[in-house]
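Report on the structure given below.
Naming convention: chains lettered A, B, ... in sequence-line order (proteins, then strands); numbering from 1 in each chain.
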There are 2 protein chains.
Amino acid sequence: MLTERFSAKDFSVAQIRSSCATCSLRELCLPVGLNDEEVAMLGEVVVHKRKIQRGGYLHRTGTKFQALYAVKSGFLKTCILEEDGRQQVTGFHMTGELLGLDAISTDMHTCEAVALEDSEVCEIPFSKLEDISRTIPSLMHHFHKIMSREIVRDHGVMLLLGSMKAEERLASFLLNMSRRFVIRGYSETDFNLRMTREEIGSYLGLKLETVSRAFSKLQEEAIIVVNNKHIKILNLERLKIKMGNSSCAT
Amino acid sequence: MLTERFSAKDFSVAQIRSSCATCSLRELCLPVGLNDEEVAMLGEVVVHKRKIQRGGYLHRTGTKFQALYAVKSGFLKTCILEEDGRQQVTGFHMTGELLGLDAISTDMHTCEAVALEDSEVCEIPFSKLEDISRTIPSLMHHFHKIMSREIVRDHGVMLLLGSMKAEERLASFLLNMSRRFVIRGYSETDFNLRMTREEIGSYLGLKLETVSRAFSKLQEEAIIVVNNKHIKILNLERLKIKMGNSSCAT
DNA sequence: TCTATTCGTTGATTTTAATCAAAAACAAAT
DNA sequence: ATTTGTTTTTGATTAAAATCAACGAATAGA
């Protein structure tokens, strides 16, 4: 499961399935309609593939930034570590998604990226990407959109953390997972989470016990069925309502 | 943690105050060491200045994205609005900072930008910026750093919202304000906040009463003096300890 | 297959922040 | 100076989530 297949959040499956061999091409070039010459240029950017075993690090905080990473297969989390031991999972990353954008600002990685299952990524040397994006304006623009989308996503998480109750946060999280799975050709309502309750909790600003209780509550209400990491959504609509407003009774 | 918004941070005050007439030049060109010709090119990008009265909107959610905005003077907030009435202040923005990065992703503004005092901004048409950044690689790279820094900042807020207690959040917020004021040549320990308790609360994921109580608590402990919007920090070190980040000594 | 360890659930209790409510302080306009 | 509306503070109470604790269930490794 969640081995590789097609990817890419917002591009049609038809596009995604097409020729392009490497994952970074899928993520970066396909949607912008390049000609053959341009595709060839871009192909040269992706110099290296890396495998990361489950539990292994793609990068650590403070290490030198050299490349962005496009997830070819697998599943990763990113988290920031504070000196005082505080920790926050800032994201989960699936096939077709881009990691490392935070590191551009200081040329150092500001977070850890850990594989939650055996994963494969393509390295995209950033300076090369900047070079060729000068000659391919549509690529540059697309890259800007990707960065911007990350900002919008983070604002969404801020909203979640700032104003939602535990159950709403979990509903929101499950719907987000669902959406990302279905885009990749998996079931919208039936999937395995790769992360622990603690990791979900860290991402959602909750303790693991609270996450567990929220799962149980949603199950009691017959909105989902939980079996450890396996989730079955019985009623997407009601899950959306859960996320929307708690006051609107069950 | 709670890293400040881009701009100024890494450039000296001397630079910031220097010749450059427009704010966007201050923000975008100074740090990258352009030659005269390049500065001239960049100068053409800034076509328009806008004044926004206190309470007025720089942009609304859903409106078409055309330009980034560099704050020339004043103080703004950005906030996202959900259909269900939920609201989240995503940032406060001072002189030299750049707004609108979120809008690149969909060509629509995803948030409201409201002036908290009479403000002035420079419009930077985004397509023009992309155009000239093709011929000025250092400008392009600098722009990427700015976007990346916004992502890092947002991750810092996520950490705050996900793992800090009310008082820690407020301490973090005050230290962030302090840092940003001092960069602009104002007092590090003595300043007026432009936003209400409610707006602080929204940003910090707290209710206004909780914010007020946290202020009172810090005052009781003789760490700050509060007079409505006027804040005097009596003990920066203890405020840092409050935040839980004692190792980050100045 | 078995064991050690991690992971997940649930209950009881405490802590924290939200909510409800009222009054004081302040700002803007008359 | 007075009124009006907004903002801030503080207190009392309730609600939500954290914490503490115990126990199964699942998983990885021997």
Looking at [options], which one has an atom nearest to any side-chain atom of [X]?
| X | options | answer |
| --- | --- | --- |
| B:Arg54 | D:dA18, C:dA28, C:dG8 | C:dA28 |
| A:Glu209 | C:dA21, C:dA18, C:dT10 | C:dT10 |
| A:Leu206 | C:dA17, C:dG8, D:dA17 | D:dA17 |
| B:Asn228 | C:dA25, C:dA17, D:dA28 | C:dA25 |

In whole angstroms, how far is the [atom2] atom of [N] from the [atom1] atom of [X]?
| X | N | atom1 | atom2 | answer |
| --- | --- | --- | --- | --- |
| A:Lys217 | D:dA15 | NZ | C1' | 13 Å |
| B:Asn227 | D:dT7 | CG | C1' | 14 Å |
| A:Leu208 | D:dA18 | CG | C1' | 11 Å |
| A:Gln219 | C:dG8 | CD | P | 14 Å |
| A:Met195 | C:dG8 | CE | P | 11 Å |
| A:Arg169 | D:dA18 | CZ | C1' | 13 Å |
| A:Ile224 | C:dG8 | CD1 | P | 14 Å |
| A:Phe215 | D:dA25 | CZ | P | 19 Å |

Base, sugar-phosphate or nothing for B:Gly201? Non-hydrogen atoms, less than 4.0 Å. nothing
Assign A:Gly205 to base, sugar-phosphate, or nothing according to its heavy-atom contacts below 4.0 angstrom with the strands shown. sugar-phosphate
Measure from NZ or CZ of B:Arg194 to the centre of the six-membered ring of B:Phe92 and say whether it is under 6.0 Å with the direction within 45° of the ring axis. no
Both A:Thr196 and B:Ala166 contact DNA chain C. Taking the nearest nucleotide for each, which residue is further toward the 5' end? A:Thr196
Is the phosphate of [N] approached by [X] (side-chain N or O, under 4.0 Å from OP1 or OP2)?
| X | N | value |
| --- | --- | --- |
| B:Ser216 | D:dT10 | yes |
| A:Lys229 | C:dG8 | yes |
| A:Ser212 | C:dT9 | yes |
| B:Lys165 | C:dT15 | no |

Other residues, nucleotides and ligands only: do more than 12 of their heavy atoms fall within 6.0 Å of CD on B:Glu117? yes
Is atom CD of B:Gln53 surrounded by more than 12 heavy atoms (other residues, nucleotides or ligands) closer than 6.0 Å? no
Pair of N/O donor and acceptor under 3.5 Å linking C:dC7 base with A:Glu199 side chain: no
Presence of donor-acceptor pair under 3.5 Å, side chain of B:Arg213 and base of C:dT19: yes
Can you check whether B:Thr106's main-chain N or O pairs, donor with acceptor, with A:Arg149's side chain at less than 3.5 Å? no
Name of the residue among A:Phe75, A:Tyr186, A:Phe181 meeting ring-ring contact (aromatic ring centres under 6.0 Å, His included) with A:Phe191: A:Phe181
Would you call B:Arg60 and B:Glu112 a salt bridge, using N to O less than 4.0 angstrom? yes
